[in-house]
Amino acid sequence: MASRGVVGVFLLAALPLLCLELQRGIPDLGIKDLILLCGRIFLLLTLLTLIISVTTSWVNSFKSSQVYLKEEEEKNEKRQKLVRKKQQEAQGEKASRYIENVLKPHQEMKLKKLEERFYRMTGETWKLSHGHKLGGDEDLVLESESQTSSETSNREAAKRRNLPKPVTKVSPPAEQPTQKEVLDLPEEPPEIAEEVVTVALRCPSGRVLRRRFFKSCSSQVLFDWMMKIGYHTSLYSLSTSFPRRALEVERGWSLQDVGITVDTVLNVEEKEQSN
């Protein structure tokens, strides 16, 4: 349609020129000259039509190629987006499985170890157990645990001192001290009470136990506490951390009298073997 319109425009433009030439050359214009003029005009129109058709087809092909390239780019972009979305979903599933199967158990195990270490440092290992029912035999359990640890610690100390081994079938020998009765410690005061100190016992096994006492309590209560957790006074003694010295107590002395007026850490140490 565009080529036909252009040809029509050129024909209308060439018609006045043809009329002008005819008016100028009518006296001398013959039939032969008229035929040649018409042939030249026809040839010019043919060339113009050819040029216009070639140009139009080239422009149309260029436009169609541009449209095709644009459509292909859009298709490729959609395909790439779909592939990226699938890859992201696959990576998300892998990450969630890794977190659920690897990271979560590792973090839980690490947290459990830190909790166990914390309770062992604070001497609250009872929080790691499953506990007992209210009104149950907590004292009996504590007594049995203390007796077990006492027997183990005392046996090791007796072996180092080359003492005779205790016989399990008969009553313990005189060289192996045992707890004949359960020692009762005074009730632990609250944290907000006045004239209260916190005493920590660092055991040879590495655990640390803490307890609060009134400054007016008898100093003998420290050795009673040491015996209750399984370390007999005939094999073990208490000493201060810094300066390091053995703790000397008397029945009539209070904690304040022996120098325990602030929070203190005492070491449970095995007595040196005497010749």
Side-chain angles (χ1 to χ4, degrees), residues 108-132 136-161 163 166 172 176-191 196-215 217-249 255 258-273:
E108 290 177 356
M109 187 179 299
K110 189 175 180 181
L111 183 61
K112 189 175 181 181
K113 288 182 179 179
L114 291 175
E115 187 178 6
E116 291 179 357
R117 186 183 301 175
F118 172 76
Y119 286 139
R120 285 173 183 166
M121 290 178 63
T122 56
E124 299 176 347
T125 53
W126 58 270
K127 291 186 178 180
L128 299 175
S129 63
H130 297 288
H132 307 281
D137 300 331
E138 292 88 349
D139 294 335
L140 295 177
V141 173
L142 177 60
E143 180 183 355
S144 62
E145 290 179 356
S146 300
Q147 289 179 354
T148 304
S149 60
S150 173
E151 291 176 0
T152 304
S153 303
N154 293 333
R155 282 178 184 175
E156 292 178 356
K159 287 179 182 178
R160 286 193 290 270
R161 291 167 178 266
L163 295 178
Q176 180 66 27
T178 57
Q179 292 178 341
K180 295 183 180 179
E181 59 181 6
V182 179
L183 299 174
D184 292 330
L185 299 177
E187 186 178 355
E188 187 174 6
E191 295 182 2
V196 172
V197 292
T198 301
V199 180
L201 293 186
R202 184 180 289 112
C203 304
S205 61
R207 64 173 182 166
V208 179
L209 304 179
R210 287 179 173 81
R211 202 177 191 279
R212 293 185 297 275
F213 298 96
F214 285 108
K215 295 180 182 179
C217 286
S218 174
S219 57
Q220 186 63 31
V221 75
L222 298 176
F223 288 94
D224 294 342
W225 183 26
M226 184 181 71
M227 290 184 63
K228 187 165 184 176
I229 63 177
Y231 298 95
H232 202 275
T233 54
S234 63
L235 299 176
Y236 294 90
S237 62
L238 294 175
S239 63
T240 58
S241 298
F242 184 80
R244 185 179 178 183
R245 60 179 177 82
L247 185 67
E248 298 179 0
V249 299
L255 295 179
V258 297
I260 300 178
T261 57
V262 294
D263 295 347
T264 308
V265 178
L266 300 177
N267 298 320
V268 180
E269 296 181 348
E270 184 181 353
K271 291 182 177 180
E272 296 181 358
Q273 184 176 357

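Only this structure's heavy atoms are used, side chains among them; waters, hydrogens and symmetry mates stay out.
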| query | For Phe213 and Ile260, what are the C-alpha separation, side-chain angles and deciding distance, and is it a side-chain contact (heavy atoms from CB on, under 4.5 Å)? | reply | CA-CA 10 Å; Phe213 298 96; Ile260 300 178; over 6 Å; no
| task | Tell me, with the steps shown, if Lys112 and Glu116 meet side-chain contact (heavy atoms from CB on, under 4.5 Å). | result | CA-CA 6 Å; Lys112 189 175 181 181; Glu116 291 179 357; 3.8 Å; yes
| query | Where do Ile229 and Arg207 land on the side-chain contact (heavy atoms from CB on, under 4.5 Å) test, with the steps shown first? | reply | CA-CA 11 Å; Ile229 63 177; Arg207 64 173 182 166; 4.2 Å; yes
| Verdict with supporting geometry, Val262 and Val197, side-chain contact (heavy atoms from CB on, under 4.5 Å) | CA-CA 6 Å; Val262 294; Val197 292; 5.5 Å; no
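Listed here is the closest heavy atom pair of Cys203 and Tyr231: CB-OH, 3.5 Å. Contact detail for Val196 and Arg212: the closest heavy-atom pair is CG1-CB, 3.9 Å. When every heavy atom of Leu255 is checked against every heavy atom of Phe214, the shortest pair comes out as CD1-O, 3.4 Å. Nearest heavy-atom pair, Pro204 versus Val268, reported as atom, atom and distance to 0.1 Å: CG-O, 3.4 Å. Closest approach of Ser234 and Lys271 over heavy atoms only: O-CD, 3.9 Å.
Under the 4.5 Å side-chain criterion, counting only non-hydrogen atoms from C-beta, Leu185 is in contact with Arg211.
Atom CZ of Arg202 has 12 or fewer heavy atoms from other residues, nucleotides or ligands within 6.0 Å.
Of the residues Leu247, Asn267, Thr233, the one that meets the side chain to side chain contact (heavy atoms under 4.5 Å, CB included) test with Leu238 is Leu247. None of Thr264, Val265, Asp263 except one satisfies the side chain to side chain contact (heavy atoms under 4.5 Å, CB included) rule with Thr198; the exception is Asp263.
For the atom pair CE (Met227) and CD (Gln220), the distance works out to 9.0 Å, reported to the nearest 0.5 Å.
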